[in-house]
Amino acid sequence: MKTVDLSVSIGKLKLRNPILLASGTVGYGNEISDFIDLSILGGIITKSISLKPRKGNKPQRIVETSSGMLNAIGLANVGLEEFIKEKIPFLSNYDVPIICNIAASSIEEYVECIKTLDSVDVIKAFEINVSCPNVKDGGLQFGNNLMMVGKITEQVRSVTEKTVIIKLSPNVSYISEFAKVCKENGADAVSAINTVVGTAFNINTRKPKLSNIFGGLSGPAIKPIALAKVLEIKRSVEIPIIGVGGIMNWQDVVEFMIVGSSAIQIGTLNFIDPTAAVSIIKGLNDYCLKNNIESISQLTGAYILE
Amino acid sequence: MKTVDLSVSIGKLKLRNPILLASGTVGYGNEISDFIDLSILGGIITKSISLKPRKGNKPQRIVETSSGMLNAIGLANVGLEEFIKEKIPFLSNYDVPIICNIAASSIEEYVECIKTLDSVDVIKAFEINVSCPNVKDGGLQFGNNLMMVGKITEQVRSVTEKTVIIKLSPNVSYISEFAKVCKENGADAVSAINTVVGTAFNINTRKPKLSNIFGGLSGPAIKPIALAKVLEIKRSVEIPIIGVGGIMNWQDVVEFMIVGSSAIQIGTLNFIDPTAAVSIIKGLNDYCLKNNIESISQLTGAYILE
Amino acid sequence: MFIVNSPVVELSEIQKAIFLQKIKSPEIADQILPGQFLNIKVTEGYAPLLRRPFSICDVEDENIFLMFNIYGEGTRILSCKQKGQLLNILGPLGKGFNYNTDFDLAVFIAGGLGAAPFPYLTRKLKDKKDIISFVGGRTQSDVIKYNFLNYLVATEDGTEGFKGNVIDLFEQEIKKYLNRRIKIFACGPNGMLKALSDSLKRLNNLTNNITCEISTESAMACGFGICQGCPIQDANNSEHYYLICKDGPVFNVNDVVL
Amino acid sequence: MFIVNSPVVELSEIQKAIFLQKIKSPEIADQILPGQFLNIKVTEGYAPLLRRPFSICDVEDENIFLMFNIYGEGTRILSCKQKGQLLNILGPLGKGFNYNTDFDLAVFIAGGLGAAPFPYLTRKLKDKKDIISFVGGRTQSDVIKYNFLNYLVATEDGTEGFKGNVIDLFEQEIKKYLNRRIKIFACGPNGMLKALSDSLKRLNNLTNNITCEISTESAMACGFGICQGCPIQDANNSEHYYLICKDGPVFNVNDVVL
Ligand SMILES: Cc1cc2nc3c(=O)[nH]c(=O)nc-3n(C[C@H](O)[C@H](O)[C@H](O)COP(=O)(O)OP(=O)(O)OC[C@H]3O[C@@H](n4cnc5c(N)ncnc54)[C@H](O)[C@@H]3O)c2cc1C
Ligand SMILES: Cc1cc2nc3c(=O)[nH]c(=O)nc-3n(C[C@H](O)[C@H](O)[C@H](O)COP(=O)(O)OP(=O)(O)OC[C@H]3O[C@@H](n4cnc5c(N)ncnc54)[C@H](O)[C@@H]3O)c2cc1C
Ligand SMILES: Cc1cc2nc3c(=O)[nH]c(=O)nc-3n(C[C@H](O)[C@H](O)[C@H](O)COP(=O)(O)O)c2cc1C
Ligand SMILES: Cc1cc2nc3c(=O)[nH]c(=O)nc-3n(C[C@H](O)[C@H](O)[C@H](O)COP(=O)(O)O)c2cc1C
Ligand code: FES
Ligand code: FES
């Protein structure tokens with residue numbers, strides 16, 4: 001039987017397959033490793049970390065919606081120091097590339113985090129979160145600002161040789177303009193998309209269901225939006241794209257690759273089926289065999305618009 | 001038993017209740033009148049009409065998604081002349097305010113349409129569609145451009161005394177900036193939101209499922225996004241808001257009013273349950289009774305953020 | 001055109017993977033005509049969001065019948081309905097077959113699940129007209145002969161009857177009847193309908209006794225004309241689309257571009 | 001912590017609108033402890049999207065039991081499961097009650113559906129410790145006494161037992177036992193748990209023989225610690241939240257801020 005080459009490359013980063021677990025949906029890998037062998041994955045993107053620990057938002061932090069969920073976690077994380085001391089050692093036990101997602105409230109903070117983390121061997125790449133909708137400082141006030149995204153990319157690029165991925169906000173008119181700025185400032189790739197700003201209210205108390213009022217919408221509800229953003233970038237900017245948003249099965253992965261993704265991320269699905277990657281990888285393999293695709297990377301941007 | 005005043009006002013426009021049927025989801029009222037007595041409605045917003053008839057996009061025009069649907073109708077409509085000759089007479093048979101939605105590819109076209117329609121008595125207001133994602137000319141190239149939206153509003157305002165409503169695009173970073181421009185240029189209200197840009201691809205043919213490639217996402221999937229846009233406007237601009245996006249029941253209507261809507265529109269739901277307005281109006285009435293709300297307009301922006 | 005909640009009476013598997021659902025719906029049964037369709041809400045909630053359109057397969061007293069296979073989520077849910085469970089049905093929808101016109105010989109052509117509307121049409125015509133039926137499929141298991149009268153079978157792979165597509169079979173056989181006034185009623189994949197209209201162009205050189213109506217399909221949101229989601233090109237006006245749900249699903253083959 | 005597909009054995013209505021679902025799940029039955037919970041996927045698809053968390057109500061041989069009422073879509077679907085249908089269960093989750101510690105008298109306090117975890121805890125303790133139970137509800141129909149031993153009832157409206165809230169009843173009754181080493185296990189609405197911790201502050205002036213564990217709740221996405229969706233304030237570190245799904249749902253009443 002023929003075999004399929006599922007490996008893909010993002011900048012200098014070589015992945016055994018295009019399946020990454022999305023930041024904030026796998027913590028630091030510990031809990032989910034009870035369900036799935038991390039070393040079958042293309043990679044793991046750790047929960048956004050910041051220089052100092054962040055407590056995160058008050059409860060209630062999540063609300064279920066039609067085919068989606070709103071979250072306003074507020075970047076709760078253990079902070080750089082504990083991340084290196086407590087979390088990295090565990091992840092080092094697995095033969096899986098770690099992509100470290102970083103959130104910050106100033107350019108300096110991004111730079112400082114990366115300077116410290118650059119020497120950590122198991123960290124193969126950085127994903128820069130400029131698009132968290134759930135924090136007052138940083139977050140969208142960066143992600144929706146072209147100049148800021150450009151500056152952050154440039155500064156981050158200047159302090160590391162490792163693969164730099166900028167995670168883009170969908171809450172903008174033209175995401176491709178942001179991808180362009182990332183490319184111009186030296187980013188190796190962009191991730192699209194982070195969550196879409198949304199809210200929900202309790203009609204009896206008249207209060208927001210989230211303590212943060214607004215939250216980020218994820219899940220299958222946003223898949224068509226994410227696909228459109230990826231395609232928009234693909235058609236106007238030459239930069240590798242990591243597709244993310246509402247992926248629930250291998251068919252969704254193929255769809256994301258066809259519109260232009262070089263790799264993809266599983267997010268919300270991890271909460272419902274932490275073993276999902278297994279069946280997805282098998283599904284991709286079978287799809288490629290059935291369609292005589294030798295290397296899955298051929299699927300990237302293989303759309304036909306005639 | 002106490003009675004509830006369900007009536008609301010939008011500019012000069014007085015509605016017997018806040019329930020409007022959204023443009024493009026009721027045609028010109030003919031077909032849906034087989035299911036529901038139009039005169040129980042707060043109003044009907046007719047399918048976007050343009051100066052000349054528009055054939056619309058090639059098939060396939062719609063795709064179902066998780067809790068939503070993508071449409072790329074392409075503003076198929078009978079054009080101004082036939083609208084007045086064939087459609088208005090039918091609508092005149094009902095005691096229900098007609099809000100005429102207008103789409104155009106130039107400011108002049110908007111102005112010309114309104115000049116012609118201004119004299120039509122049963123038309124009580126105009127909803128200006130500057131946010132259709134499914135046409136090459138006009139549509140988002142207007143809706144995502146602050147200056148353009150300002151110009152259009154100003155010009156339209158200058159040729160009619162009737163209530164002018166600008167229908168806003170959600171596909172922007174800060175919708176409130178657009179609402180502000182509408183207010184400054186004399187609009188009486190804004191509708192939020194039009195559909196969210198999305199796409200879907202067939203993984204076997206690798207072709208887009210929509211002939212237009214991109215379409216507009218509607219239905220419950222976008223409700224959290226629509227609520228967030230309405231709340232964003234409410235908190236920063238003093239202008240009546242007509243909420244629309246994913247409303248499926250009376251609870252959704254209350255939620256939209258709490259975050260700031262003066263009235264709401266039922267869209268996609270009309271396709272699934274063309275009688276929905278009946279149970280929604282009853283549900284609103286009961287909710288108000290239960291909560292000692294004498295006039296439903298008290299609900300508008302009645303959120304509590306503490 | 002109205003909405004009713006009607007109870008499922010029973011589901012039978014008329015052949016491998018092909019289901020016939022019997023629903024007690026006096027209101028629909030009373031009004032619906034062959035070739036029309038129903039738009040059915042398969043769940044109480046909104047997952048899937050949209051209704052699912054189904055041709056009226058047959059009508060018997062107060063009962064209506066749907067014929068379907070399990071294609072995706074909606075038909076899967078439909079096939080799981082227990083006796084007595086209510087289906088929310090919107091209809092009757094669209095324009096059906098015009099079978100009361102002047103002709104002597106009714107010719108039915110069905111490809112795969114295109115067989116669905118014919119039991120009802122057969123019921124209406126069997127005592128009034130002669131009928132020949134052409135039933136096709138890729139392979140034997142696709143061929144649905146349910147309640148067809150006087151039928152010939154074609155399979156692409158030759159596993160049953162004529163080897164080839166059903167339109168080739170039709171074209172070869174129909175030549176025997178060209179002296180009669182023929183009306184064709186066809187339903188099936190777009191490819192089949194295209195082949196049919198080409199075949200008719202050839203046959204029209206031999207006779208002008210043939211008229212043909214085809215039942216078309218498209219994705220639909222509403223099913224009754226308010227969403228504009230189901231266009232099909234008007235053959236006589238390049239600037240106009242018909243709506244399949246409202247102007248169709250049945251059209252004269254000459255009125256639309258397939 | 002693992003995922004299993006386990007068949008529903010039966011659903012019984014133990015009292016008006018309160019259901020007990022028996023599920024055959026040897027793997028879970030073998031490992032789960034009182035106070036732990038399960039996160040259950042109620043449909044094959046993703047509507048509703050998220051799993052639904054349920055306390056382990058009881059365990060008998062290879063079978064596990066859930067107790068629930070029909071609250072919304074998910075519990076409605078759960079209540080419709082037929083015998084033999086599989087539930088996709090993720091668990092055992094969280095930290096349960098520490099019932100093997102040093103104490104003589106076990107005091108159970110349950111408000112409404114807070115009764116759910118106690119049948120299993122009762123099973124584990126009834127032969128080892130004395131038990132008194134306080135069971136409360138707004139009105140008689142809310143009170144769930146299922147499998148409680150030696151219980152007293154309180155209803156807000158006085159329709160059964162003590163008129164008032166269950167904590168007032170508890171505080172008045174417990175005074176009789178202050179000479180013994182008491183361990184309280186409580187589950188119920190947040191309001192009840194708050195009232196309990198206030199009551200304990202008062203009682204602690206009379207004795208230091210009381211320890212108390214409470215089972216808490218919150219919206220959850222994952223149920224096993226990866227989404228950070230279920231925070232509860234750490235009483236001893238203002239800069240730290242515990243995660244209810246992982247550090248709880250059972251906490252010592254002094255460790256969290258309600
Ligand atoms: C007028 C008409 C009559 C029909 N009669 C029958 C019948 O008698 N028996 C039968 O088995 N099937 C019939 N169909 C097809 C039937 O509607 C689909 O098989 C059904 O919608 C599948 O639903 P699903 O959820 O199982 O599949 P899914 O693929 O999960 O859902 C179907 C989805 O595909 C979309 N779609 C795209 N193209 C089409 C298309 N051409 N037709 C329908 N949906 C489409 C729909 O919008 C829907 O979102 C008919 C279709 C039409 C338009
Ligand atoms: C650890 C734990 C144990 C539980 N044990 C039981 C039990 O034994 N019996 C029982 O009847 N119920 C129990 N519940 C509550 C149960 O999970 C909810 O009743 C159930 O989720 C309702 O689902 P639904 O779809 O019917 O209601 P819906 O309201 O349609 O859905 C529930 C929604 O509310 C959200 N939500 C908000 N606050 C909460 C909250 N405090 N708890 C749960 N969901 C919340 C959920 O995220 C979900 O999206 C428990 C909850 C937790 C967290
Ligand atoms: C609970 C939750 C927490 C998240 N936290 C982060 C985060 O810390 N950093 C980040 O870049 N993205 C975060 N995300 C966004 C996801 O990585 C992903 O971009 C988004 O959820 C869309 O993918 P999905 O629909 O598959 O979930 C979070 C998402 C969820 C649902
Ligand atoms: C099939 C379809 C056609 C539409 N056509 C129009 C239109 O012509 N003009 C317009 O302003 N909005 C149009 N809309 C947008 C709706 O009016 C509404 O803003 C949107 O669907 C969100 O509401 P909903 O989620 O309740 O459907 C259309 C929506 C759909 C689904
Ligand atoms: S399906 Fe809506 S117009 Fe035909
Ligand atoms: S529910 Fe996800 S961390 Fe607790």
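Chain letters run A, B, ... following the sequence lines, proteins first and then strands; every chain starts at 1.
Judged by distance alone, the side chains of Ser67(A) and Ser67(B) do bring a donor and an acceptor atom under 3.5 Å apart. Side-chain contact check for Asn194(B) and Ser131(B): at least one donor-acceptor pair (N or O, by modelled atom type) lies under 3.5 Å.
Heavy-atom distances place the side chain of Ile258(B), and not its backbone, under 4.5 Å from chain A.
Note: Ser173(A) leads Ser211(A), Ser173(A), Gly198(A) in heavy-atom pairs under 4.5 Å with chain B. Note: Ile213(A) leads Ile222(A), Thr65(A), Ile213(A), Asn202(A) in heavy-atom pairs under 4.5 Å with chain B. Between chain A and the options Ser66(B), Pro224(B), Ala221(B), Pro220(B), heavy-atom pairs under 4.5 Å are most frequent for Pro224(B). Among Leu305(A), Thr205(A), Asn291(A), Leu299(A), the residue with the largest count of heavy-atom pairs under 4.5 Å with chain B is Leu305(A).
Counting only distance, with no hydrogens or angles, the side chain of Asn270(A) and the backbone of Gly267(A) share a donor-acceptor pair below 3.5 Å. No side-chain donor-acceptor contact under 3.5 Å links Asn185(A) to the backbone of Thr153(A). Side chain of Asn17(B) to backbone of Gly42(B): a donor-acceptor contact under 3.5 angstrom is found.
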Mind listing the side-chain donor-acceptor pairs of residues 225-234 of chain B below 3.5 Å, one per line with the distance, residues two or more places apart or on another chain?
{"from": "Lys229(B)", "atom 1": "NZ", "to": "Pro170(B)", "atom 2": "O", "distance (Å)": "3.1"}
{"from": "Lys229(B)", "atom 1": "NZ", "to": "Val172(B)", "atom 2": "O", "distance (Å)": "3.3"}
{"from": "Glu232(B)", "atom 1": "OE2", "to": "Ile175(B)", "atom 2": "N", "distance (Å)": "3.2"}
{"from": "Glu232(B)", "atom 1": "OE2", "to": "Ser176(B)", "atom 2": "N", "distance (Å)": "3.0"}
{"from": "Glu232(B)", "atom 1": "OE2", "to": "Ser176(B)", "atom 2": "OG", "distance (Å)": "2.6"}

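For the salt bridge (Lys or Arg N to Asp or Glu O under 4.0 Å) condition, the pairs that include at least one residue of residues 197-222 of chain B, sequence neighbours left out, are Glu306(A)-Lys207(B). The salt bridge (Lys or Arg N to Asp or Glu O under 4.0 Å) contacts involving residues 282-293 of chain B comprise Lys282(B)-Asp286(B), where partners must be two or more places apart or lie in separate chains.
At a heavy-atom separation below 4.5 angstrom, chain A is approached by Trp250(B), Gln251(B), Val254(B), Glu255(B) within residues 245-255 of chain B.
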